[in-house]
Chemist: 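Okay, here's the structure, questions in a sec.
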Amino acid sequence: MSKIKFIFYLILVFIIYKGFVAFKDFEIGVDNRVAEIEEKADFQKEGEVIGLMMYLGDPPRLTEHLYTENRSRCLEMKEIAEETSFAYYECARVNAVISGKKIVSIIEELEVIE
């Protein structure tokens with residue numbers, strides 16, 4: 001009888017584990033799927049995001065911009081970019097037009113992040 005209980009408990013733990021993993025994967029995947037749908041539907045919205053800005057020329061003018069998830073990731077990317085390029089980079093909180101997880105255009109630069 002104890003072997004049957006042991007097997008039952010193992011099966012119960014396995015079912016709970018699979019349920020937890022399925023729930024966790026669903027939570028993580030929702031943001032990415034929403035961004036993909038918005039991008040495919042060419043849905044654009046305006047909002048505040050953190051972006052990595054690249055400036056070229058003399059006087060410097062904004063050439064490229066890249067959406068980043070958070071401040072720390074932006075600062076990491078800025079450091080790597082400055083080591084491998086001659087352009088000027090800055091991380092900034094900007095008001096921008098966004099499509100999916102891409103910055104389409106910058107409306108206003110709100111704050112430079114140091």
Side-chain angles (χ1 to χ4, degrees):
M1 186 69 173
S2 67
K3 288 182 183 181
I4 294 173
K5 283 184 181 179
F6 181 71
I7 291 172
F8 175 74
Y9 286 128
L10 281 178
I11 292 171
L12 184 63
V13 168
F14 180 74
I15 290 170
I16 292 170
Y17 168 75
K18 289 305 263 184
F20 175 76
V21 169
F23 181 75
K24 199 68 169 162
D25 287 345
F26 176 76
E27 281 185 349
I28 293 171
V30 169
D31 287 341
N32 294 335
R33 282 183 268 171
V34 167
E36 286 176 20
I37 291 169
E38 286 178 351
E39 192 172 336
K40 287 179 183 176
D42 200 27
F43 178 76
Q44 295 181 346
K45 61 184 177 183
E46 184 179 319
E48 284 186 22
V49 295
I50 295 174
L52 178 62
M53 310 299 159
M54 180 176 87
Y55 295 91
L56 287 174
D58 191 32
R61 63 182 179 83
L62 181 62
T63 307
E64 292 285 330
H65 39 73
L66 178 68
Y67 174 88
T68 57
E69 296 291 329
N70 54 42
R71 293 172 184 251
S72 61
R73 179 71 178 137
C74 186
L75 293 171
E76 288 173 14
M77 291 171 65
K78 175 185 173 192
E79 188 175 313
I80 293 168
E82 287 178 336
E83 291 174 357
T84 59
S85 172
F86 292 107
Y88 171 71
Y89 293 90
E90 73 179 15
C91 291
R93 186 171 57 91
V94 294
N95 192 11
V97 176
I98 307 159
S99 176
K101 288 200 172 199
K102 295 180 181 176
I103 297 175
V104 176
S105 64
I106 305 290
I107 297 171
E108 177 185 13
E109 191 173 298
L110 302 173
E111 171 191 12
V112 175
I113 300 168
E114 298 293 329

Chemist: Other members of the hydrophobic cluster containing Ile50, with the 4.5 Å side-chain heavy-atom rule, please.
Modeler: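 ILVMFWY cluster around Ile50 also holds Leu75, Ile113.
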Chemist: What salt bridge (Lys or Arg N to Asp or Glu O under 4.0 Å) pairs are there with at least one residue in residues 50-60, not counting sequence neighbours?
Modeler: none
Chemist: Quick check for you: to the nearest 0.5 Å, what is the distance between Ile7 atom CD1 and Lys3 atom NZ?
Modeler: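 Nearest 0.5 Å value for the CD1-NZ distance: 8.5 Å.
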Chemist: Please collect all ring-ring contact (aromatic ring centres under 6.0 Å, His included) contacts where either partner lies in residues 91-114, sequence neighbours excluded, each pair once.
Modeler: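 Qualifying pairs, neighbours excluded: none.
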Chemist: Provide the full list of side chain to side chain donor-acceptor pair (under 3.5 Å) pairs with a residue in residues 105-114, sequence neighbours left out, each pair given once.
Modeler: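 Sorted result for residues 105-114: Tyr55-Glu109, Arg93-Glu111.
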Chemist: Through direct or indirect side-chain contacts below 4.5 angstrom among Ile, Leu, Val, Met, Phe, Trp and Tyr, which residues connect to Phe14?
Modeler: none
Chemist: Ala87: which residues meet the side chain to side chain contact (heavy atoms under 4.5 Å, CB included) condition with it, sequence neighbours left out?
Modeler: Met54, Leu56, Ser85, Tyr89
Chemist: Applying disulfide (SG to SG under 2.5 Å) as the test, list every pair that has at least one member in residues 56-90; sequence neighbours left out.
Modeler: Cys74-Cys91
Chemist: Would you please name every residue forming a salt bridge (charged side-chain N to carboxylate O under 4.0 Å, His left out) with Glu79, sequence neighbours left out?
Modeler: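 Glu79 satisfies salt bridge (charged side-chain N to carboxylate O under 4.0 Å, His left out) with no residue once adjacent residues are dropped.
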Chemist: Quick one: list whatever passes side-chain hydrogen bond (donor to acceptor under 3.5 Å, both in side chains) with Lys45, sequence neighbours left out.
Modeler: none
Chemist: In the hydrophobic cluster built from side-chain contacts under 4.5 Å, what are the other members alongside Leu12?
Modeler: Ile16
Chemist: Could you list the residues that satisfy side-chain hydrogen bond (donor to acceptor under 3.5 Å, both in side chains) with Ser72, not counting sequence neighbours?
Modeler: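 With sequence neighbours excluded, Ser72 shows a side-chain hydrogen bond (donor to acceptor under 3.5 Å, both in side chains) to Asn70, given in chain and number order.
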Chemist: Considering only Ile, Leu, Val, Met, Phe, Trp and Tyr, and joining two whenever side-chain heavy atoms are under 4.5 Å apart, list the other residues clustered with Tyr9.
Modeler: Phe8
